[in-house]
Structure formats: C-alpha cells, structure tokens
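Source: prediction; values computed, not measured. Chain naming here is simple, since letters A, B, ... match the order of the sequence lines and numbering starts at 1 in each.
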Protein chains: 2
Amino acid sequence: MSVTIKDIAKTAGVSYSTVSKALRDSPLVKKPTKDRIIAVANELGYQPNVAARSLVSKRSFTIGVVWPTIEQTVLSTLITTINKKLEQLSYTTLISINEVESALKIFNRYQVDAILVFDSSQSIDSYTSDVPIVTYGLANKETVYPIIDVNRLKSTYIAVQHLHNIGHRYISYIGEVENEELQREKVEGFTQAISNLGLPSFPDQIVKVQDFDQYDGYEATKQLLATTKLPTAILTGSHDLARGALQAIYEKKLSIPNDISIISYDNITAIDRFDTPLSTVGVPLDKISDKIIEVLMNVISGKEIETTIFLEPELRITTSCSNPLK
Amino acid sequence: MSVTIKDIAKTAGVSYSTVSKALRDSPLVKKPTKDRIIAVANELGYQPNVAARSLVSKRSFTIGVVWPTIEQTVLSTLITTINKKLEQLSYTTLISINEVESALKIFNRYQVDAILVFDSSQSIDSYTSDVPIVTYGLANKETVYPIIDVNRLKSTYIAVQHLHNIGHRYISYIGEVENEELQREKVEGFTQAISNLGLPSFPDQIVKVQDFDQYDGYEATKQLLATTKLPTAILTGSHDLARGALQAIYEKKLSIPNDISIISYDNITAIDRFDTPLSTVGVPLDKISDKIIEVLMNVISGKEIETTIFLEPELRITTSCSNPLK
DNA sequence: TTGAAAGCGTTACCAG
DNA sequence: CTGGTAACGCTTTCAA
C-alpha cells in the first residue's frame, strides 16, 4: 500500500488538508509546518496519486504522445528532445505505440492535458477527442487539429539554389523512394529548382534508394560515380545517406569539396565524427521541438492558434561544399 | 467537458450505479436495460475516466514500460510485439522514455499495475516501487526484481558447435565492439567454443565493428575477405551485420554456402527479401515476449516467481549453411 | 495559519 | 434486478 497525504498528516500531526497545501507549496502554510511536512513526505517516500489529483483538479500535467511507428529513428531524436523540454516545464510525457484511434482513446480515458500525434498515414478526424490534439508531419492531410510540419520541398529547393549560386551545374539527388509522400516532396523541390534555374537534367541524376540507411547511400553513390559524366555536387535525402555517400566518394579517391560538393537534408544538428563536417539543409530539430511545445502549451491554455504551421528550412554550409573547379 | 456515467444515467433514465454495472457487463442488469445503456454510452461517445476507476478499484489495467534508450531498433520490435499481446489481454501499455528513476516515479504516481524496465545501464535498486517491476536484458546486474534475459553466450556457442559438427574449421566472428557488455557475451561464447572444440585460431578471426548497421557488416566482411586465408564460415553478431556481409560476399563473387557458410545472431524471425534465407541463432522474439508477458501477469496477480530467467537460444539452419567443400 | 467538509467519476456493497 | 451510498486520494473552498 502506498503512502497517502493522510499518512503524512498522521505522522506530522496536522490535518491532511494542510499537508495538501504544504506539498503544493501554498503560502497559506507557515514555513516551519511546511518544512516539517515536506520532510515527512520525503522520508515516507510519498508519491502523489495522479488519479486522485487529476480527478479533482482536471489537470494531469501529462502530455500523451501517439507514436505508432516506433521504428523511425529520426522521430526518436525529436521525441527525446520534446520529452526533455516538457520535463523542464514539469510536464510528464507518456507515449503510446498503439494505432492512432486506439491511442487517442487511451489518452482521453487518462485525461491527459494534450495529445501530440506523430503519424503520416492515418487520418484522425473520425475520432473526436475531448483533449486538444496537435499533430506533427502530415501537413498534406486534411485535419481540423493544428499541424506543425517542415517545408521539405523548400529545403531541397534552396539547397540546389545555393549550389547553383556558387557555380554548380551538374547536381544529383540521392534519395528517391517509392510511395513515400514525405520523400516525394524533397524530390519535387529538387526537380523544381533544377527546372526553374535552368540547370541541366541528365541520366541517373536522381538516384533511387531501397531504404534510408548508410548502406543505401553508399550503394547509390557508387552507382552514380560509375557513370561517365560525374556531377559536381550531390544532395542527399538524409544524414545516413550522406554518410554512405562519403564512403563511396572516399573509396573512389575523390576529394570533397574539390571534386565534388555535398549537402545533406536533415533536421539533426549533426555532431559529426566526419573529417568533413557535412553541409546540411532543413529545419533544426530544436526549432521543431520548440514550436511543438509552444503550440502544445497554447492549446492547453485554450488559446486559438493557426491550424497549419510550416517551419522554414535553414541552410548550413560547411567545407563540404565549395565552388566547382573551373 | 467529457461525458460521465451520470450523463448516461440521466438520458437513459436509470441510476448511475446501474450504468456502472451495465458497462462492466454485470449479470446484475437485465439485458434490455443493459443494451439501452450501452447504446446511449456509444452515442454520447463515453470514455471511462481511468483516474476515477483506478482510484477506487486499485487496478488500472495498464503496464508501464520504461524505455530510456529509444534508439535501439531491436527493442522496438520487441516492444511492438508486447504491446500487441497485452492489448489482447485488454491491458494498456504506456511508455516512458525518461531515465529509469524518474520513469519509475511517474508510473508509481499513475498506479500502473506493473512496470517493465528495458535497460542495460542503470541500476534500479536504489528506488523502491510500490508497483511490481520486471526487467529485461540486464541479467548480469544485481537486482531484487525478476529479470528475463536471453543467453547470448550460449547462442554463439551452439552456432559454432553446429558449424564444427558439419565439418567447418575456419570460422570467423563479425561483431566485436568496445565496451558493450551484451556484445562481449557473444564474443565470449564464440571464443569458448573455438577453444573447447579445438578449432584453430587465426589472425583477424574476430572482426571489430564500429556499429551494428548493415554498412559495418559490409566493411568488416570486405576486410575479412581481403586476407589470404579465408574462413569457410562466418558468424555475425546481428541481422544487419549479416546483410552487409552478404553484400560483401556477393561482391567478391563468392557463393553461399559453397564457398562460405553464414549464420547470424538474431532474435527476429527474419522475413527476408534475400535470395538466401539466412541461418540464425538466438531466442525467437515471440518466446521472449511471451515470457515477459507471462511474468508480468504473474507479478500482477502476486505469484512468486524466480528472479532470473534465462531464455535458451534456438538454431535455425537454412541453405545459407552447409558442409565446407573438401 | 490551520482544520473541516464538499466533491471529482467510478466501483462495490447493501437495501429495497 | 435496480437504486442509494460510502469510499478511493486529492484539491479547494469556507469556517474557525
């Protein structure tokens, strides 16, 4: 049996309502009494019962995260960050890996203060929730709930634009993949930029990958480098792909950025063990998590917010990227 | 404001205690009444308030999972499986990615029925929990809580034993890594088998890897195949490493199993897109999850259970493995 | 400054 | 079979 405020009240010799106030750090309790009560609580290893508390106060200080596809490692970093930041705001994060519908039901039963949905496939409109919902990463879907997403199309677009600005003409993209809406946006941004900027298209310019692992980047780049006319710059769809690309480039004894420039799409501020720090384009993870938390706090306090928020990508150019040799 | 049993009672024209019984499918309520109440509940979109329920019934039908290292993809499959199976037992799974101490606190506050801890680093004895705890994957640590783990040492041992039985003498292991206890166990099993069975040791027999991705397996195997004396069989520390190994072997135009046999350590029943279905050794994921759930249910119902349970590995030999050519 | 008491949504028990 | 009511642990008035 776990210890309750009544147990504390008994051993501290006060009423249990006083204990409640003291633990809530209410100014209505004298300092010495408060200190004594807190000491007793610690000694007894008291943990407040969330059920009882949220039953009366209608607030649980808990955010429910719906994360049906736990395999996605990109998201795991994002969730870790969000979890940490929410902890600092004294919110608890609870994750469900059930499918959306069922996870929403669970969190409604648990009366969490808000729900954050990570998902790109299922629609959530069929289910109505008493708890406010915020979603990440499905800006293309129709939803009544606030959506936060990153502008992938613009990311690859401005990357190509930069490469063009510094003089590149033959630019390749690695990371086309079948039936993935989010990846398609990146390819689209690339293609649009190439076309709008009047840059040449050439065979095998866009390289398909099976998956988004380092190995896929390695294979794709090896294939690309085997063609007769080499591009002077490569844009990759992810950090892992870029790692693989680097391996393939080094293996071919090519030099970065002299022979070839490389920019990687990513949201992670890469803490790299690479000789060449990678140039990247994308919305920094911290901006995404900050925005998500901001919106969460707003919906909790009942503020009206815009339904769709597109975060703007940033270009971070390092020594992996330079003018092509004339 | 969410709908409560009192709302249902009002619109159904019964007392709220009858509603409670009806929703619990109690035999104490007449069928027509029950049906009517359930209909109203559905119409109103009623979701039971877990807080209120667990406050009085002391049972939440929820399992808390502590998973501080969400990056580990192997575990994600295991958790997904466990989640599904618990759902069938009408238990809800809630995950926390906080560090152990803090996650335990949260779940104690939430009065979950049991806590499952996935972790290999932190010790959990310092914190005492009112809720029963079950841990996975830290059998080497000292703990008072029940531990379920797989016998990694035995896995690699019996794999080598099998290869020896069918005539192999030059066997390599890919997957040594610095400072990882669990990986060390696998290497240990390999080394013990080689030594006990009187098999030859040779330079570069055990190949180190940076990480456990496909690319690392590819690199390591390429390195291995560049030596003068090739092994006739390879054992890899994971499925991903094996995938990389296969690539390197194919690239060298070697044939499996004629030139080289391969067995992979893994707990995943691989649904493979490989030409060669991989031979594997390890405890099947289903056995692990079943055991974990069994133990969870036991601790919830207060049954005494053994503190350490080692699951035995199984060898599944396919066409990736044959006698070496004489 | 402290204590008493009501009430949150539910279950469980006891009357009717 | 159905309804009334106490109780779960806590917060929050309202009195003292």
Side-chain angles (χ1 to χ4, degrees), chain A residues 1-38 40-41 44-62 90 92 105-113 130-131, chain B residues 1-38 40-41 44-62 92 108-113 130-131:
Chain A
M1 199 50 219
S2 46
V3 357
T4 73
I5 51 171
K6 292 191 181 171
D7 300 324
I8 300 175
K10 216 171 294 169
T11 67
V14 291
S15 80
Y16 71 85
S17 58
T18 307
V19 172
S20 173
K21 284 172 207 149
L23 295 177
R24 229 95 304 292
D25 198 24
S26 156
L28 299 176
V29 182
K30 246 202 319 210
K31 186 83 168 44
T33 328
K34 198 185 283 183
D35 288 346
R36 188 156 45 90
I37 290 173
I38 290 175
V40 173
L44 264 45
Y46 170 74
Q47 289 297 328
N49 183 326
V50 191
R53 174 179 294 179
S54 73
L55 195 55
V56 38
S57 69
K58 299 291 174 201
R59 294 272 266 131
S60 61
F61 280 92
T62 301
S90 61
T92 294
K105 213 175 274 180
I106 293 168
F107 287 135
N108 266 275
R109 290 210 234 267
Y110 266 93
Q111 307 262 89
V112 298
D113 293 341
D130 285 319
V131 175
Chain B
M1 199 50 218
S2 48
V3 357
T4 73
I5 50 172
K6 293 191 182 174
D7 300 324
I8 299 175
K10 215 170 294 169
T11 68
V14 290
S15 79
Y16 71 84
S17 60
T18 307
V19 173
S20 174
K21 282 171 211 147
L23 296 177
R24 229 96 303 292
D25 198 24
S26 156
L28 298 176
V29 182
K30 245 200 323 207
K31 186 82 168 43
T33 328
K34 196 185 284 184
D35 288 345
R36 188 156 44 90
I37 291 173
I38 291 174
V40 173
L44 266 45
Y46 170 74
Q47 289 296 329
N49 184 324
V50 192
R53 175 181 293 179
S54 73
L55 194 55
V56 36
S57 70
K58 298 290 174 202
R59 292 273 265 131
S60 61
F61 281 92
T62 300
T92 294
N108 267 274
R109 289 210 234 268
Y110 265 93
Q111 308 261 88
V112 298
D113 293 341
D130 285 320
V131 175

Worksheet item: Nearest-Å distance, NZ (A:Lys10) to C1' (C:dG3)?
Response: 16 Å
Worksheet item: Among D:dT12, D:dG9, D:dG3, which nucleotide sits nearest the side chain of A:Ser17?
Response: D:dT12
Item to complete: Using whole Å, report how far NZ of B:Lys34 lies from C1' of D:dT2.
Response: 13 Å
Worksheet item: Just how far, in rounded Å, is C1' of D:dC10 from CD of B:Gln111?
Response: 12 Å
Worksheet item: Nearest to the side chain of A:Thr4, which nucleotide is it out of C:dT11, C:dC8, D:dC10?
Response: D:dC10
Worksheet item: Want to settle it: does A:Tyr16 or A:Lys31 sit nearer the 5' end of DNA chain C, counting the closest nucleotide to each?
Response: A:Lys31
Discussion item. Can you measure A:Arg109 atom CZ to C:dT10 atom P for me and round it to whole angstrom units?
Written reply: 11 Å
Response to the item:
Ranking D:dG9, C:dT2, C:dG9 by distance to the side chain of A:Ala52, first place goes to D:dG9
Discussion item. Here's a test of your reading of the structure: between A:Pro48 and A:Leu28, which maps to the more 5' nucleotide of DNA chain D?
Written reply: A:Pro48
Worksheet item: Is there a donor-acceptor contact under 3.5 Å linking the side chains of A:Thr62 and B:Tyr110?
Response: yes
Worksheet entry | B:Ala22 versus B:Ile38, closest heavy-atom pair with distance | O-CD1, 4.4 Å
Worksheet item: For A:Leu44 and D:dG9, what is the distance between atoms CG and C1' respectively, to the nearest whole Å?
Response: 15 Å
Discussion item. Ignoring hydrogens, what is the shortest heavy-atom contact between B:Ser2 and A:Asp130? Give both atom names and the distance.
Written reply: CB-OD2, 2.9 Å
Discussion item. Distance criterion of 3.5 Å, no angle test: do you see the side chain of B:Lys21 paired donor-to-acceptor with the base of D:dG3?
Written reply: yes
Practice prompt. Return no unless some side-chain N or O of B:Tyr46 is found under 4.0 Å from OP1 or OP2 of C:dT10.
Written response: yes
Worksheet item: With a 4.5 Å heavy-atom cut-off, do B:Ile37 and B:Thr18 have their side chains touching?
Response: yes
Response to the item:
Between CG of B:Asp130 and P of D:dG9 the distance, given in whole Å, is 12 Å
Worksheet entry | Side-chain N or O of B:Arg53 closer than 4.0 Å to phosphate OP1/OP2 of C:dG9 | no
Discussion item. Closest-nucleotide mapping onto DNA chain D: is A:Ile5 or B:Thr18 further toward the 5' terminus? I mean the 5' end.
Written reply: B:Thr18
Worksheet item: Rounding to a whole Å, what distance do you find between A:Asp7:CG and D:dC10:P?
Response: 9 Å
Worksheet item: Does the side chain of B:Lys34 reach to within under 4.5 Å of the side chain of B:Asp25, using non-hydrogen atoms?
Response: yes
Item to complete: Name the nucleic acid region contacted by A:Thr33, choosing base, sugar-phosphate or nothing; use a 4.0 angstrom heavy-atom cut-off, strictly under.
Response: sugar-phosphate
Worksheet item: Is there a donor and acceptor pair closer than 3.5 Å between the side chain of A:Ser15 and the base of C:dA4?
Response: no
Worksheet entry | A:Ser54 backbone acceptor or donor facing A:Ser60 side chain under 3.5 Å | no
Discussion item. With a cut-off of less than 4.0 Å, is there a side-chain N or O of A:Ser20 near OP1 or OP2 of D:dT11?
Written reply: yes
Item to complete: Provide, to the nearest angstrom, the distance between the CZ atom belonging to A:Arg24 and the P atom belonging to D:dG9.
Response: 17 Å
Worksheet item: Closest to the A:Val29 side chain: C:dT2, C:dA12, D:dT11?
Response: C:dT2
